[in-house]
2 protein chains.
Amino acid sequence: MRLLSLIERNTLVPPRLSRACAVGEGIYRSGNDGLAWRVSCGVVRLDALSASGDSQFASLAMAGDIIGCEALLFGGYTFSATALTQCELAPWPEGDTAPAGESLLQSLAVAQKRAADVVALRGGEALARVVNLVRLLTDASGSVVLPTRQDIADITDLRFETISRIVKRLERAAVLLPVKICGVHATRSFAVNLAGLSAL
Amino acid sequence: MRLLSLIERNTLVPPRLSRACAVGEGIYRSGNDGLAWRVSCGVVRLDALSASGDSQFASLAMAGDIIGCEALLFGGYTFSATALTQCELAPWPEGDTAPAGESLLQSLAVAQKRAADVVALRGGEALARVVNLVRLLTDASGSVVLPTRQDIADITDLRFETISRIVKRLERAAVLLPVKICGVHATRSFAVNLAGLSAL
DNA sequence: CGGCCTCTTGAACATTCTCAAATTCGGTGG
DNA sequence: CCACCGAATTTGAGAATGTTCAAGAGGCCG
């Protein structure tokens with residue numbers, strides 16, 4: 001990591017030293033030590049180790065969110081982080097500028113808002129939860145890459161069979177339009193048409 | 001409040017200018033402007049205004065948490081805050097010391113942990129959710145003052161009838177031992193005996 | 001006492017879960 | 001390119017958990 005930072009310093013890559021993560025890739029594990037990161041783009045899943053040793057969904061982090069900052073204080077990550085979609089992380093705090101109070105305050109406010117969004121994903125009817133998650137994950141151009149059915153299930157506290165049924169229902173209602181790649185349609189990439197929701 | 005602050009200044013109450021809130025009391029409302037607070041003790045419920053105008057549970061804040069800090073940035077509260085139990089709030093940042101980076105960083109880490117706890121309160125079986133909430137609210141001496149059945153329902157995303165059934169079940173299993181005041185037993189104050197859980 | 005709110009309880013109902021079995025997807029090696 | 005494998009997804013049917021609606025009990029306050 002020390003070495004990497006030297007390389008970056010010489011080549012002037014815009015966010016200095018970012019890390020790209022593939023879908024499903026583990027970013028860090030609870031208990032280990034490491035850097036804090038700011039999520040530049042993509043969606044990260046955070047999991048807590050439950051008493052019984054198995055990890056359970058704790059939160060989501062999206063563009064702008066800071067993750068793993070507890071490691072700077074306690075010398076170890078509280079959660080495990082996994083990439084739900086292709087994503088990019090930048091080490092935090094950002095090199096030159098010390099973490100100004102203003103910026104940290106903003107991060108705190110954003111984190112609280114994000115937490116409320118995640119809490120909302122676990123309330124109400126199953127269909128509404130999935131639709132809310134789709135909304136949250138849809139980009140400005142109206143397309144979305146969903147996590148696996150199992151990941152959606154963990155986030156919404158439903159079963160993957162239930163998620164499968166709901167996603168299929170959204171497809172049939174033309175809310176989710178599968179993107180066809182070479183004639184084969186993907187199970188995770190969709191164009192989103194929220195207008196179709198009224199037909200449900 | 002002005003008056004209270006004068007009183008406080010003369011009597012040297014530790015957190016300078018704190019605000020006491022009764023059970024059920026509104027602390028601030030979404031959209032209004034005001035101070036940020038640190039929760040000294042007690043439990044605060046945060047609600048977001050949903051699209052349809054009704055407010056829905058967003059998060060909990062407990063001793064040490066900072067609430068309403070978004071008002072310092074955006075000039076208005078994002079959430080509405082209500083006291084679930086007797087609680088005490090201190091204006092934040094704490095007078096003399098500017099919000100140091102270190103302390104803010106810690107607040108961020110704590111907020112993320114709290115968010116994970118709240119998310120966990122909305123997953124798994126109904127009984128387990130309520131038990132987890134009881135655990136979260138129980139003080140060091142093993143006693144707990146529960147919010148109303150409706151508040152518990154909002155937090156766990158269950159119905160108040162379901163909560164009522166579960167609390168009664170916990171009483172019958174001697175997990176919750178109603179505190180008797182003048183021979184009448186309260187519906188919200190209990191001594192907690194988690195050992196009784198094994199009998200469920 | 002009367003009104004109002006919270007809490008309790010029952011019974012029918014709905015949604016979601018569970019379990020089991022196909023089917024499809026993606027990648028690997030011939 | 002095709003056969004094959006494991007993982008992810010789809011689908012059905014019955015079971016279970018939680019909801020809904022309705023009625024009544026208990027406590028608090030004017």
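Since this is a predicted model, take the numbers as computed values, not measurements. Reminder, nothing fancy here: chain letters follow the sequence lines and each chain counts from 1.
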Can you tell me how far P of dT20(D) sits from CG of L158(B), to the nearest Å?
-> 11 Å

Quickly work out the L84(B) CG to dT6(C) P distance and round it to whole Å.
-> 14 Å

Report the distance from atom CG of L104(B) to atom CG of L108(A), rounding to the nearest 0.5 Å.
-> 6.5 Å

Please examine the side chains of Y28(A) and T82(A), heavy atoms only from C-beta on, and report whether any two atoms are closer than 4.5 Å.
-> no

Contact list for residues 118-135 of chain B, test salt bridge (Lys or Arg N to Asp or Glu O under 4.0 Å), sequence neighbours left out = D157(A)-R129(B)

Over how many whole Å does the gap from R159(B) atom CZ to dC7(C) atom C1' extend?
-> 17 Å

Would you indicate whether the side-chain heavy atoms of N193(A) and L176(A) approach each other to under 4.5 Å?
-> no

Can you find a heavy atom in the side chain of V145(A) that is under 4.5 Å from one in the side chain of L137(A)?
-> no

Between the side-chain atoms of E161(B) and the base atoms of dC7(C), is any donor-acceptor pair under 3.5 Å?
-> no

Near DNA chain D, which residues from residues 143-156 of chain B have a heavy atom under 4.0 Å away?
-> none

Contacting residues from residues 162-178 of chain B, given that a heavy atom lies under 4.0 angstrom of DNA chain D | T162(B), R165(B)

Could you give the CG-to-P distance, from L127(A) to dT16(C), as a whole number of Å?
-> 9 Å

Over 12 foreign heavy atoms within 6.0 Å of CZ, R29(B) = no

Taking five pairs at each end, how big is the angle between the two axes of the helix from dC1(C)-dG30(D) to dG30(C)-dC1(D), to 10°?
-> 40°

Rounded off to whole Å, could you give me the CZ-to-P distance for the R188(A) and dA8(D) pair?
-> 8 Å

Residues passing the side chain to side chain donor-acceptor pair (under 3.5 Å) test with R114(A), sequence neighbours excluded, are D65(A)

Mind checking the CG-CG spacing from L136(B) to L60(B)? Nearest 0.5 Å is all I need.
-> 7.0 Å

Salt bridge check: are R149(B) and D151(B) linked by an N-O gap of less than 4.0 Å?
-> no

Return each pair, listed once, that meets salt bridge (Lys or Arg N to Asp or Glu O under 4.0 Å) where at least one residue sits in residues 137-146 of chain B; pairs must be two or more places apart or across chains.
-> none

Do NZ/NE/NH1/NH2 and the carboxylate oxygens of E88(A) and R38(A) come within less than 4.0 Å?
-> no

